[in-house]
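Down below is the structure, laid out as structure tokens.
Here is the naming used below: chain letters follow the sequence lines, and residue numbers restart at 1 for every chain.
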Protein chains: 2
Amino acid sequence: MLILGVLLDGPLHGYEVRRRLELWGADSWANVAYGSIYHGLAKMADEGLLVVVEGGKGGKTVYEITEDGRFEFHRQLMQAWYEVRPIVDPFQVAMTFMDRINRPDLLNAMRGRAEQLQVTLSMMERAIGGKQGFGAPRHIDENLKLTTTQLAAQLAWLQDAIPKVEREDLP
Amino acid sequence: MLILGVLLDGPLHGYEVRRRLELWGADSWANVAYGSIYHGLAKMADEGLLVVVEGGKGGKTVYEITEDGRFEFHRQLMQAWYEVRPIVDPFQVAMTFMDRINRPDLLNAMRGRAEQLQVTLSMMERAIGGKQGFGAPRHIDENLKLTTTQLAAQLAWLQDAIPKVEREDLP
DNA sequence: GACATGCCATGCAAATTTGAATACAAATTT
DNA sequence: AAATTTGTATTCAAATTTGCATGGCATGTC
């Protein structure tokens, strides 16, 4: 979906797709190792969602989205908007095992994490509004805002849980 | 890490690992297709984090965690607690492309999603405290709570963004 | 002009993940 | 008691993902 979306405005080759995604900060909220872009492009060309418009010999290969590709993009986009799925977060795994850490270490970890979150949050808040005019669409900021509120939610949970651990209500 | 954690309290075979994870509701906040448990077990046995204690012929294979395995588990657990990483959320990808949907459809999607979130949230709130006494550790509730607050964060963002879209401040 | 540097651009082997297929035991229905 | 369904337990091929290796090209520099 990301790749298709990047190609909506015109043909690009693999490396340009990567640059575009980096510009959008996609590395932080999506899970894309850039090596897989080329696989994705080739596969979608195979499926008829893209066509090669230039090159091939050994230089760069430029892909253009087809009508089928645009349709598939919209299908997936709408599905992503309508489907509410619980968020997969590696920290949840860490939480699950909080009873396996002794209390002092756990409290240290929790306090350390809370501090880190505060720092990250204030950095992000300062960053909001910063990318304007660099080619990234304005609503990318909204992306950043949502991330911010979610990290804030984690911080709130921590601040609620720390005292509980202190007075041995948890774990 | 999940598999190692499940094995901390005693040897189990693959299917039991799966059952345990299902009991914890891990399918919702972790990304485990249960087919990969067997690969993970075999690989970790290879690396010396686990040992086979029973079976092999064709029936079930029971694995036990080794000292190395316990050590590795703790290493990973601590790392997960200390490392703050932005959350990877497929909805963020959907957001990124909100300028590719026409305004009426977008508003529909946003309102629909907001409603769904409200329903999901109230269901989850009712579920908190429900798994007690079923073998799941009590702090699994905390897990649910964190998920809840994160979904609430998404809902808050939506409720902030909907009016903006209505008065064309967004996208 | 030989050489180093850094960015551009892709390919690929190895590792991992997935989803479905298999096989058999236990419980249930007919 | 035969047939069907459900639950237990694993395996496997195919698809995907990763991270690094490779090679080209422009630029500076001594």
Side-chain angles (χ1 to χ4, degrees), chain A residues 1-4 6-7 10-23 26-64 72 76 83 85 88-90 93 134-135, chain B residues 1-4 6-7 10-24 26-64 72 76 79 83 85 88-90 93 134-135:
Chain A
M1 186 168 144
L2 271 174
I3 294 177
L4 285 175
V6 165
L7 290 175
L12 296 174
H13 57 80
Y15 192 66
E16 284 174 321
V17 172
R18 171 196 175 145
R19 297 273 302 274
R20 204 64 68 95
L21 292 179
E22 275 170 349
L23 179 65
D27 44 328
S28 72
W29 43 263
N31 226 335
V32 181
Y34 297 119
S36 44
I37 290 172
Y38 297 92
H39 171 77
L41 288 170
K43 200 198 156 202
M44 288 193 285
D46 232 52
E47 293 172 344
L49 306 181
L50 305 177
V51 279
V52 176
V53 287
E54 196 187 319
K57 44 222 165 209
K60 43 200 165 183
T61 312
V62 177
Y63 293 88
E64 181 170 18
E72 175 63 13
Q76 287 193 30
E83 211 176 300
R85 284 191 299 168
V88 170
D89 181 357
V93 184
F134 272 106
Chain B
M1 186 167 143
L2 272 174
I3 296 177
L4 285 175
V6 165
L7 290 175
L12 296 173
H13 57 81
Y15 191 66
E16 284 173 321
V17 171
R18 171 196 175 145
R19 299 272 304 273
R20 203 65 66 93
L21 291 179
E22 275 170 347
L23 178 66
W24 293 355
D27 44 328
S28 73
W29 42 262
N31 225 335
V32 181
Y34 297 119
S36 45
I37 290 173
Y38 297 91
H39 171 77
L41 288 170
K43 202 198 154 201
M44 288 192 284
D46 232 52
E47 295 172 342
L49 305 180
L50 306 177
V51 279
V52 177
V53 289
E54 195 187 319
K57 46 222 165 214
K60 43 198 164 181
T61 311
V62 177
Y63 293 88
E64 180 171 19
E72 176 62 13
Q76 288 193 31
Q79 178 177 317
E83 213 175 297
R85 283 191 299 170
V88 171
D89 181 358
V93 183
F134 274 105

Complementary nucleotide of D/dA3, counting Watson-Crick and G-U pairs under 3.5 Å: C/dT28

Would you mind checking if A/Arg20 and A/Glu16 are paired as a salt bridge, meaning a charged N to carboxylate O distance below 4.0 Å? no

By the 4.0 Å heavy-atom rule, please label B/Gly14 as base, sugar-phosphate, or nothing. sugar-phosphate

Counting only side-chain N and O atoms of [X], is one of them less than 4.0 Å from OP1 or OP2 of [N]?
X: A/Lys60; N: C/dC8; value: no
X: A/Tyr38; N: C/dG11; value: no
X: B/Arg19; N: D/dT8; value: yes

Rounded interatomic separation in angstrom, taking [atom1] from [X] and [atom2] from [N]:
X: B/Glu47; N: C/dA15; atom1: CD; atom2: C1'; answer: 11 Å
X: A/Leu41; N: D/dT16; atom1: CG; atom2: C1'; answer: 15 Å
X: B/Asp46; N: C/dT16; atom1: CG; atom2: C1'; answer: 15 Å
X: B/Tyr15; N: C/dA26; atom1: OH; atom2: P; answer: 14 Å
X: B/Tyr63; N: D/dT10; atom1: OH; atom2: C1'; answer: 10 Å
X: A/Asn31; N: D/dT16; atom1: CG; atom2: C1'; answer: 13 Å
X: A/Leu21; N: C/dC8; atom1: CG; atom2: P; answer: 15 Å
X: B/Arg20; N: D/dA9; atom1: CZ; atom2: P; answer: 13 Å

Heavy atoms of A/Pro11 and A/Val62 approach each other most closely as CB-CG1, 3.6 Å

For B/Glu72, check side-chain hydrogen bond (donor to acceptor under 3.5 Å, both in side chains) against everything at least two apart and list the hits. B/Arg75, B/Gln76

Report the residues that fulfil side chain to side chain contact (heavy atoms under 4.5 Å, CB included) with B/Arg18, sequence neighbours left out, ordered by chain and then residue number. B/Tyr15, B/Glu22, B/Tyr34, B/Ile37

Considering only side-chain heavy atoms of B/Ala33, which listed nucleotide, C/dC8, C/dG19, D/dT18, is closest? C/dG19

I want to verify a distance call: between C/dT18, C/dT17, D/dT10, whose nearest atom is closest to the B/His39 side chain? C/dT17

Could you say whether B/His13 or B/Ser36 is positioned toward the 5' end of DNA chain D, judged by the nucleotide with the nearest heavy atom to each? B/His13

What's the separation between atom CH2 in B/Trp24 and atom CH2 in B/Trp29, rounded to the nearest 0.5 Å? 7.5 Å

